[in-house]
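Below: one structure, written as structure tokens.
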Amino acid sequence: MSADGRRVVRVLPDVAAIDKEFDYLVPPGVAVSVGDMVRVDLHGRRVGGWVVAADVEPEPGMALRPLAKVSGRGPSPEVIDLAGWAAWRWAGRRASLLRTASPPAVVATLPQVAPPRLEPDVSALLADAAPDTARVIRQALELDQAVLRLAPGADRYLLVRAAVADSIARGGSCLVLCPSVEEARGLGRRLIRAGVPTAVVIDDDRPRAVAAEWASAAAGATAVVGTRSSAWAPVANLARVVVLDEHDEAYQQEQAPTWHARDVVLERARRADAPVVLVSPCPTLEALGCATLVTTDRQSERLGWGRVEVIDQRDLDPSLGPLFSPRLVDLARGPGRVLCVLNRTGRSRLLACAACSTLARCERCAGPVADPDGGSMVCGRCGTDRPPVCLECGGARFKNLRLGVSRAREELEALVGEPVGEVTAGSPEIDRLHQRVMIGTEAVLHRVDRADVVAFLDFDQELLAPRYRAVEQALVLLARASRLVHRSGRPEARVLVQTRSPDHPVLVAARRADPGRLSESEAVLRTALGFPPAVAMAAVSGAAAEAWIAAFGAPPGVVVQGPVEGAWRLTAPDHETLCDAMATVVRPPGRLRLEVDPLRL
DNA sequence: CGGACAAGCTGA
DNA sequence: CAGCTTGTCCGG
């Protein structure tokens, strides 16, 4: 109640271009609290919004309009605060984050949720587990922030059960994030079958059903399972967070604000004083930088990575074509499901020495070099240029290594002697998915859940992609492939990698099932070259970018580079410096994309 | 974002 | 100068 006897609340309208709060009168007899979703009259029209503060002292004499309607429950006060933090961290607007945190249909009241059917404790759950499995799970659950490195083939279900049991012991609920909808649904079903009251909060085209799950999460479901957006799901009493496959790019929002679910839940858990376990076969440097690493014994990790076989393409018989080694053709003819991966979506073309077939790479950062003008070789990653001479044999002639997926499919079909299916991100072509042998971009790895052989036809495309995370992402692909073939059980089950760089650290890491060494060398390289997570970066683009950059000026600690193709790059030693500086800029009108922590760079 | 309102343009 | 388009401003 304010000084003059009026009840006033502060509302953030759900209008894309307004990041401003407005005060409204609460009509007599109306109950409303922070987090509720309301409708208000704003500038002659009726819009939705969130109550972000109650019992507000309005400016004296200000004529206030009454709330038009209290429509239902919305995000909790903690999540509203979290959205404020994320708006700073990713230079975005709170409304877009709160929309993600809100139910897609009206939730008038919260349902009653059942208490857990049984009271499992962590020790009972782990009693039958292998000793090393029990050890790493216990160890991870004892830490405030743990990165648990589990090989691709390892079963994560026991960890999730133990995390849920531990949450019950702590008197609260457990939030579990999965990279894909299918995994989240599957995990939700398993937990429900095990007697854990579980809310599966996943956006789809059924708003009523999603809102019902949202409501049961808000009401205190013991486990809340979902994908990226569930970082914002309601959790009545957050006791623990688990992020499965923490390395997955699906956790980062593509549209600005480009928030990352892992980073959102880390902050959310920190505020709630809840521990977090990040799980991955190949943890990101970001995760390793903020959490304590827990690893299984070497033998479990080797078993869980399965067999990774590397073919040196420099030794290939040219008569078979550049993409198909005899070994590959042999495996493709054999029994079982075979997936061939060929990434040809990037614009980068690779050059190899015409004499010795060694790839043309940058002397400074080992990235791929292109030959844009025919005179010199320029690195697509760091910009260094050098004369067109092979570093291995001194040869001066180079050949272009590009071949499309469709052409490769025809060639493979001829070599194997049976129909070969094709999968690309653009074309679903479900009817071709049942072919025994399939070829496609990496999308092929996401369309099936098991395979007997996964073959990367030209892995250099991944190793040398002109992105600073290329090495990390290349190992992610191998982990994904390894998981698919782990379910095979056949003797020929393996991941086959064709490359001209057989001793690349990524391939050594996968063959030895030891991602740790790679993380160490990558961390050194990123620091030396000034890439995240050694620094904090942002990209600014769009029609209004120039005006934004002008308003940004040159704040201390932030380096502004560009424009390159209409985009500027900001670099600062840490997010504190970067985000504080970005927060001072008044957004100019017009289309503007502020991308903090850009994935491709 | 989208309504309000002002300034600019057109044709009788 | 009414009647319409286009542009800029700002919201309780």
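Numbers restart at 1 for each chain; the letters A, B, ... are given by sequence-line order, proteins then strands. Because only heavy atoms are used, hydrogens play no part in the values below, and waters and symmetry mates are left out as well, while side chains stay in.
- Here the P atom of nucleotide dG3(B) and the NE2 atom of His43(A) are 10 Å apart, to the nearest Å.
- Electrostatic pairing of Arg270(A) and Glu267(A) counts as a salt bridge here, judged by a charged N lying under 4.0 Å from a carboxylate O.
- Atom CZ in Arg39(A) sits about 16 Å away from atom P in dG12(C), given to the nearest Å.
- Here His446(A) contributes atom NE2 and Thr441(A) contributes atom OG1; the two are 9.0 Å apart, rounded to the nearest 0.5 Å.
- Remark: P of dG12(C) and CD1 of Ile18(A) are 9 Å apart, rounded to the nearest angstrom.
- Taking a cutoff of 4.0 Å between a charged side-chain nitrogen and a carboxylate oxygen, Arg228(A) and Glu254(A) do not qualify as a salt bridge.
- In the model, Ser102(A) has a side-chain atom that pairs as donor or acceptor with a side-chain atom of Trp50(A) under 3.5 Å.
- Atom CG in Leu25(A) sits roughly 13 Å away from atom P in dG12(C) (whole-Å rounding).
- For dC10(C), the OP1/OP2 oxygens have no side-chain nitrogen or oxygen of Lys20(A) closer than 4.0 Å.
- In this entry the distance linking CG of Leu42(A) with P of dG11(C) reads 9 Å, nearest Å.
- If you take CG of Asp19(A) and C1' of dC10(C), they are 15 Å apart, rounded to a whole angstrom.
- Rounded to whole angstrom, the span from the CZ atom of Arg7(A) across to the P atom of dG12(C) amounts to 21 Å.
- Protein atom CZ of Arg6(A) is 14 Å distant from nucleotide atom P of dG12(C), rounded to whole Å.
- The side chain of Arg45(A) contributes no N or O atom lying less than 4.0 Å from OP1 or OP2 of dG2(B).
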